[in-house]
Amino acid sequence: MSDDHGLVEMEPTPGEKLAAIFKQREVRVATAWGVLVTAIFFVIGGWIYPSWMPTAMSTDMKSIERLIVIFTWISAPVCGIVLGFSIYTFLHRHKGDTPPADGPGFRTNSLVVGLWVIVSSALCLVAVVYGLIEMNSASAATAEHKKNAMVVEVTGSQWAWSFNYPEQGVQSHELMLPINRPVEFKIISVDVNHSFWPVQLGVKVDANRLQTTVIDTTPNKLGDIDVKCAELCGLYHAYMETSGKVMSADDFNTWVTAHQGGHTA
Amino acid sequence: MSGKESTMTASKRALSAVVGVLLMVAVVGVVGFTLHSASADPHKKLYATKTAETIVVDGKTYPKATITMGVYADTAQAKEMGYNTINKKDYVQYGPSSHIVLPAHTYVTMTIHGYDGGEKLNAPFFGKVVGTVGGTMNVDGVDVTEIPADQVQHTFTIHSLPSSNRDPLFVNIPLQHVDEGDNGFLPTKDPGTNYKGHTMTFSFITGGAGEYVWNCEYPCGDGTYAKFGAAMSAYGYMSGKVSVA
Amino acid sequence: MTTLDHHASVRPVPNPSKSLITKLNMGTGLVVGVIFALATYYGLGGDSAGVFENYNRTLLATMFMWSIGFMVGIGAFIGPFRWLVGKDLTDEEQLYLAGDGQGIKRYFKYCTDHKVVGIQYMVGVMALLGVGGTMAMMIRTNLIQPGSKFVGPTIYNSLVGLHGITMIIAMIIVVTGPFGNFIMPIMIGAADMAFPRLNALSWWVLFTAIPVLCSAWFLGGIPTGWTAYAPLSIQAGPGMNAFIATIIIFAVSTAVAGANITATVVAMRAKGMKWNRVPIFVVGATMSVALAIPAFPTFMVSMIMTGLDRSYATTFFDANLGGSGWLYAHLFWIMGHPEVYVILIPGVAVLMEIAPVFVRKPLFSYNAAIAGFAGITGLSILVWAHHMYMSGWMPMLNGPFMVTTEMISVPTGLIFLVILGTLWRGRPWMKLPMLGVYAFLWNFLIGGITGLYLSDVPADNYLHGSMYVTAHFHYTLMGAALTGALAGLAYWFPKMTGRMLNERAGYISFWLVQIGFQVLFLGMFIAGAEGQPRRVADYSVNFATSDLISSIGAYMIGLGMIVLLWAVIHSWRHGKIAPMNPWGSKTLEWTVPYPVPLVNFDTPPVVTSDPYGYGKAGN
Amino acid sequence: MSGDTRFHVHHDAPIQVGRRERLGVRLLIVADGAFVFGMIFSYFYLRNLNANNGWIPEGGHTLSAMSGWVSVFPLIIAAITHRIAMKSGNAFKNIAPITFVVLLVGLYLQWKQLAHMPFQVDGEAEGEKIFGFEGAYASSWVLIAGANMFHYILGAFVALGVALRSRRNDLNAVLEFWRQRTVGSWLTWIAISGIACAITTSII
């Protein structure tokens, strides 16, 4: 569609056109609203949102927190534009039982459309590239971990997790991990699909029926872990949770020795 | 949908609105009530019996309590054994109730009579005795720490949601299966039959008050997938609640 | 496959009042359907077939035979049979099938009039939304506090599954059913749909799915969630058969309706309605049903496989014998992701149709709107595996799927631009439909942005399978699509019922629903961020606050929806008589009177411009 | 509004109606195509995944590729005879029944194949017979054969329809011609789909 009826009729450079748009009072007022909204989302994304999330106990979880903050910041201006302009029009609504007079008849504005596409593509590109970089560094870390990793075989069964430490010859219903040692989880399900989710470690993968999946991470903070199932797995899905601990290497060795008898008390 | 203009007065319309809305709220309420009563816990809870004795474990003194359950191959067997099951379907089941109540900070000694056969556990881990005092249980007078994965009839596994204000409680008891050859494997109408089965006795210590759940980890339902259908997927047969109060 | 078509009939005209078609209606359909079902059930041994597979086979066969029997009984196969033997329906018979002069009775017949089908769909959708909403109330009641004190896990899991699938079905048809059938043909100046008998077929086939779905309650429920992931669905009890049968029946209905609507828009537009003059609602609805045509059959494949696994012991999803749950997830999401856009796009298109009317400005950048819809439609078939990031099926492909998924944000952005541009420098007339446009902007913004996190693989490590996901898709499906559908209801209510929707009740309902919605799902975002998995009957105490907030919001929505339902029923019976064009719109449906004549237009309209010619030319 | 107007509006030109119907059928073919795509996708997905070596489990049977082709040939022949019949103009009504008969033969062959697949594992449970299938290969084969069967039934229905209709003299010739073309679209599609399935099942 042509832009004969464009918002701005002059044909100077796009830069001048843009400047002309911003000279309009209504654009500036709407933009002010937008800035306010952007600021609010900045605060939510940067501080309020992360405060809801549990303590990060691995670099994976740390990077997820960072990523969520950055994504919120990227989207804050988008929220600002959309909400700023809609708040402005809402405040200038027409009241009454009869329809308002016809508004201006412009049908498009190629400058605005073009700018919109470019900016949204750019923001999208930032998100994509950032995500790919994070993924890449995660898989580089995986390669690093492989050398020195402690293997934990995770078995999901309806409706409990069990853990086998082949290196130590220990089995447990709790996930005990030494700090700062890479750990490689080999996950399998003996019945339906589950999803292995040690919440504070920021990793997750499905436990598929009789098919092994692998994830790795390095716990770097002492504390309790919640291990949950994130895939509906039947009657007691809600109760398919267990606890875990990240402990010092010494504590871990003590725990291993105490449980090598074949049972956990 | 007549073509007439409405002649309803404002007050009449308001009344109609209030009545209409209340009526619909009531309908939703009735649906809720029906569902609630259909899914209520068994009417009878099974309470542990407190005894006067106390016991010292790891330097701490605990009062003692006992509780007894049975696990039956089907409703007929449960009835034969003297339990009036409230369950509707003819499934393998624990009795006499699926909701057990235990006293807090107590040394609980639990006895489970198992009368069922068995094949093999899906997850061999649940062949181990976990969470009992001393890490053992007593099967027909013999102390054991685990039962081979292919000799289990059912398990009694207590677990819970991890949360900040509740003491952890995890107990896993595998029940020794009854061989086909053993006398009393299946119920008969013959009143002279002596049901032998196996008797598992074990003790564990409860923490503070809290709600827990128990279920069986042995594949004893039906279905082609890991036999966790039917009885295993229906609440109150091979699964239930544990209230520590 | 025929329409009300012309042919030189030289045979004597049979008197339709003596023909079989005049004897058939919903009642005969029910009777024949029940007979078929009972005969099948007891013929195959009833519930004495104790074996898992055999019993499933019996139940599935019973459900399908009910559906077929109903269609036989209501006369759906008369047309195809007559075509087969070469004795096509006469004009009189076709006129009779169109419900000519049959008053209220035609709503209970195999009626080919698109307006009747539209009303049937509308009532059906409202019933489905009511049932699904009631189940949502039950879910939230159970989650008010930890401990699952309201219902046990069996019933809770069934509630989750049935709420999900009921709402998904309702949302797929909520716009294209009532408005796509009633309004759209008039909007493009057509006399009827391209295939009126298929139109009736699509509704009545769908209708037969409703009792099938309800039967799940009496067969032990659907404990798998609406996604029905295998192998859980293979393990599930007999209620699962109801799910399988419902989806297969529904997929047939969708394919038929999709082909019908698409063919209508492609082939039956009024003279002069070139592609760039088609109202945007029609474009959006058509794109969405056209997308559904290739999408749903893969769901049908997966359901047939599930049915075979359950009733014939095949091993599609048993990894022990070469199957895989991943296969199910692929087939499901190849349908499942396009399907969310099938739900979303018509709702958005309704709002794009409404905005110009109430702002009295042309739609901003019609081309951008089309590009937005087309971009979403095109990309949506390339993004399915983002639901499988965490399934472990092939982690190396997560990257490409992340790229395609995030690319969707660009055409989605165009949708915002079009609506914002339309609002800009206008003075919006704040009638009920217009409020929906604003609610949409906020809800879809939140839904879209939270989708950005979920599309990102590392963030999905944390968010996948949590309440966060649930909140996100409710923002898009309910906040955006349902808001659009309700705005459409308020907008087209005068044309469909001849009366105005009670405005005050509408406002009360709107604010209750929208505020309740924010409370509910913002609370759920918090629960998700805290780490609460979705679909749980019980949860740890640390989630108690956010879940309580969510439940309060749910009750507000429930109350608001009840007020709306009252308003609809009351206004339909006693509302103010609507003028022909209460909103001063320029689309064709407002040029016909109420009740809309059988063939819509006395003289076929000729279109000379698009319907957005508001405002002064130029600036 | 008079009754005449009503009729007038509904009576589009036969060529328009014919085109519209063909468009509708083509759209339904798109839907069916997605279905066939889903089956073929599943076949290759499971074959390449070969979870726990269960694609063809130890001792499992295979079906020769020829078996798949034999039941597809009638589909191809039917599509060709229909085309020949269309080209022959007035002789259509004499050739059309051949298409129908060919499809019936195919339907029988397909049924034979389905009923005599070597994959079935019989078992007993609670005194009742249950059936099982050997593995993913067998399962996928059965599904594909079943879909072919469904195509045969629909194909035979429309082939019988055009054959019967072509013998009547009171039908609109233009519209009937378009309906033959529409049926041709369907017959061509089921032949293509059959070939695709036969190629799929040839790769064991």
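Excluded from the calculations below are hydrogen atoms, water molecules and symmetry mates; all remaining heavy atoms, backbone and side chain alike, are included.
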Quick check for you: among [options], which has the greatest number of heavy-atom pairs under 4.5 Å with chain C?
options	answer
A:Leu235, A:Val199, A:Thr213	A:Leu235
A:Ile68, A:Leu125, A:Asn136, A:Ile187	A:Ile68
A:Gln158, A:Met61, A:Met135	A:Met135
A:Asp226, A:Val214, A:Asp97, A:Asp60	A:Asp97
A:Ser120, A:Pro54, A:Ser63, A:Ala30	A:Pro54
A:Leu201, A:Leu210, A:Val128	A:Val128

So which part of [X] gets closer than 4.5 Å to some heavy atom of chain A, the side chain, the backbone, both or neither?
X	result
C:Arg535	both
C:Thr227	neither
C:Tyr229	side chain
C:Tyr328	neither
C:Pro223	backbone

At a heavy-atom distance under 4.5 Å, which candidate from [options] has the highest pair count against chain A?
options	answer
C:Pro231, C:Ala230, C:Ser148, C:Gly465	C:Pro231
C:Leu420, C:Leu423, C:Val357, C:Asn157	C:Leu420
C:Ser324, C:Gly225, C:Gly426	C:Ser324
C:Val418, C:Leu417, C:Val457	C:Leu417
C:Tyr468, C:Phe358, C:Tyr389	C:Tyr468

Is A:Lys204 reaching over with its side chain to a backbone N or O of C:His464, donor-acceptor style, under 3.5 angstrom?
yes
Rounded to the nearest 0.5 Å, how far does [atom2] of [Y] lie from [atom1] of [X]?
X	Y	atom1	atom2	result
A:Arg209	C:Phe317	CZ	CZ	13.0 Å
C:Arg425	A:Phe106	CZ	CZ	6.0 Å
A:Trp52	C:Ser546	CH2	OG	9.5 Å

When you compare the side chain of C:Trp326 with that of A:Gln211, does any pair of heavy atoms fall below 4.5 Å?
yes
Could I get the full list of side-chain hydrogen bond (donor to acceptor under 3.5 Å, both in side chains) partners for C:Thr405, not counting sequence neighbours?
C:His386
Taking ring pair (Phe, Tyr, Trp, His ring centres under 6.0 Å) as the test, write out the residues that go with A:Tyr239, two or more places apart.
A:Tyr236
Residues 85-95 of chain A: residues contacting chain C (heavy atom under 4.5 Å, by number):
A:Phe85, A:Ser86, A:Tyr88, A:Thr89, A:Phe90, A:His92, A:Arg93, A:His94
Please list every donor-acceptor pair under 3.5 Å in which a side-chain atom of residues 445-454 of chain C meets a protein atom from a residue at least two apart or in another chain.
{"from": "C:Thr450", "atom 1": "OG1", "to": "C:Ile446", "atom 2": "O", "distance (Å)": "2.8"}
{"from": "C:Thr450", "atom 1": "OG1", "to": "C:Gly447", "atom 2": "O", "distance (Å)": "3.0"}
{"from": "C:Thr450", "atom 1": "OG1", "to": "C:His472", "atom 2": "ND1", "distance (Å)": "3.1"}
{"from": "C:Tyr453", "atom 1": "OH", "to": "A:Thr72", "atom 2": "OG1", "distance (Å)": "2.6"}

Tell me if the CH2 atom of A:Trp33 is crowded by more than 12 foreign heavy atoms within 6.0 Å.
no
